[in-house]
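Working notes for the structure below.
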Amino acid sequence: MWSLLEQGNRRWAAGRSHRPHQDRRRRKQVATGQSPHAVVLSCIDSRVPPEVVFDVGLGDLLVVRTAAHTLDPLVTAAVQYGPQDLRASLVVVLGHQRCGAVTAAARALRRRVTLPGELPAIVEALEPAYAVTDGRVEPMVHAHIRRTVSFLRADPLLYGSATVIGAHYSLDTGLVTRVA
């Protein structure tokens, strides 16, 4: 499955998207059920829509999006749903270049300020990546991808039922590269 996502991403980055499974026929085909091939846990960033980035369509991916692909029990449950109930065989943790959530967390940690509302939960989730990268944003993104992959690979409901990999999306090139 990863090779199909890679191929779709290469088409997208080259400006040759096929936009498969995005027509009326496909909508009718998946209206009564779904069987996505992969789960993608990605950031909420509007510049990184997984279906577009991987050049896939309706019913191909189960997408779970949070700020900087951070995990909590509900998000973890959503990721588990793909392999457990829908038999998705692949989980992709997709981070990206110049992530705003990572940038904001690094700034808050560096300045020792508390962000408003529920945003401190994002800062707390990213603090381990901050600690191992001296707060440099791009290394933080990669460290957080690897940390999230490790956490999901150790999950008893995912272990043995899905392959979990980490990937990074370049906003500059449109290319996704595997990092874990």
Side-chain angles (χ1 to χ4, degrees), residues 1-13 17-23 25-97 99 101-102 118 121-122 125-126 128-129 141-170 174-180:
M1 184 60 216
W2 173 243
S3 64
L4 293 176
L5 295 179
E6 278 185 306
Q7 290 169 19
N9 175 250
R10 299 301 176 258
R11 289 192 305 271
W12 155 253
S17 295
H18 293 171
R19 295 181 184 88
H21 301 149
Q22 296 181 25
D23 56 12
R25 184 172 152 261
R26 179 62 169 184
R27 187 181 70 238
K28 288 182 177 205
Q29 195 176 40
V30 298
T32 58
Q34 62 175 324
S35 57
H37 306 292
V39 177
V40 178
L41 171 60
S42 70
C43 185
I44 58 173
D45 193 297
S46 63
R47 302 167 294 177
V48 190
E51 294 89 349
V52 174
V53 166
F54 290 115
D55 194 25
V56 297
L58 295 174
D60 293 329
L61 299 177
L62 181 68
V63 177
V64 182
R65 297 179 76 173
T66 66
H69 64 272
T70 52
L71 291 171
D72 68 14
L74 289 174
V75 173
T76 302
V79 172
Q80 292 169 339
Y81 178 71
Q84 285 300 304
D85 288 354
L86 302 175
R87 303 292 180 241
S89 61
L90 177 67
V91 174
V92 179
V93 177
L94 182 63
H96 68 91
Q97 182 182 30
C99 179
V102 173
E118 299 300 321
I122 299 168
L126 292 167
V141 169
H142 286 268
H144 185 58
I145 293 167
R146 288 189 297 276
R147 186 170 184 272
T148 305
V149 166
S150 292
F151 178 84
L152 293 173
R153 282 180 178 165
D155 185 302
L157 287 181
L158 297 176
Y159 185 79
S161 65
T163 300
V164 180
I165 66 169
H168 180 268
Y169 177 71
S170 169
L175 289 172
V176 173
T177 54
R178 187 169 169 176
V179 298

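Numbering starts at 1 and runs along the sequence shown.
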| Test side chain to side chain contact (heavy atoms under 4.5 Å, CB included) applied to Thr163 - qualifying residues, sequence neighbours left out | Leu90, Ile165
| message | Would you compute the distance between atom OH of Tyr169 and atom CG of Leu175 and round it to the nearest 0.5 angstrom? | response | 8.5 Å
| field | side chain to side chain donor-acceptor pair (under 3.5 Å) against Gln80, all qualifying residues, sequence neighbours excluded | value | Asp155
| Looking at Ile44 and Ala67, what are the two nearest heavy atoms and their distance? | CG2-N, 3.8 Å
| request: Could you note down all residue pairs passing salt bridge (Lys or Arg N to Asp or Glu O under 4.0 Å) where residues 60-75 supplies at least one of them, sequence neighbours left out? | output: Arg26-Asp60
| message | When you measure from the side chain of Arg10 to the backbone of Leu5, do you find a donor-acceptor pair of N or O atoms at a distance under 3.5 Å? | response | no
| note | dist Arg153:CZ -> Leu158:CG (nearest 0.5 Å) comes out at 11.5 Å
| remark: With sequence neighbours left out, the residues meeting side chain to side chain contact (heavy atoms under 4.5 Å, CB included) with Phe151 are Leu71, Thr76
| query | Restricting to pairs with a member in residues 55-76, which pass ring-ring contact (aromatic ring centres under 6.0 Å, His included), not counting sequence neighbours? | reply | His69-His144
| Taking every non-hydrogen atom, the tightest pair across Val39 and Gly82 | CG2-CA, 3.6 Å
| field | side-chain hydrogen bond (donor to acceptor under 3.5 Å, both in side chains) pairs, two or more places apart, involving residues 86-96 | value | none
| request: Identify the two heavy atoms, one from Ala125 and one from Arg147, that lie closest to each other, and give their separation to 0.1 Å. | output: O-NH1, 3.9 Å
| remark: side chain to side chain donor-acceptor pair (under 3.5 Å) filter on Ser170, not counting sequence neighbours, yields Gln97, Thr173
| note | Contacts of His168 meeting ring pair (Phe, Tyr, Trp, His ring centres under 6.0 Å) (sequence neighbours excluded), chain-then-number -> His142
| message | For a quick test of reading the model, state the closest non-hydrogen atom pair linking Ser42 to Val63 and the distance between them. | response | OG-CG1, 4.4 Å
| said: So, using salt bridge (charged side-chain N to carboxylate O under 4.0 Å, His left out) as the criterion, who are the partners of Arg11 when residues are at least two apart? | reply: Asp55
| Between Val48 and Leu94, what is the shortest heavy-atom contact and its length? | CG1-CD2, 4.1 Å
| Rounded to the nearest 0.5 Å, how far apart are CD of Gln34 and CG of Leu86? | 4.5 Å
| query | What pair of heavy atoms forms the shortest contact from Asn9 to Gly174, and how long is it? | reply | ND2-O, 2.9 Å
| message | For Ala68, give me all partners under side chain to side chain contact (heavy atoms under 4.5 Å, CB included), at least two apart in sequence or on another chain. | response | Thr70, Cys99, Ala101, Val102, Leu126
| task | Taking side chain to side chain donor-acceptor pair (under 3.5 Å) as the test, write out the residues that go with Glu6, two or more places apart. | result | Trp2
| request: Could you pull out all residues at least two apart from Arg47 that satisfy salt bridge (charged side-chain N to carboxylate O under 4.0 Å, His left out)? | output: Asp45
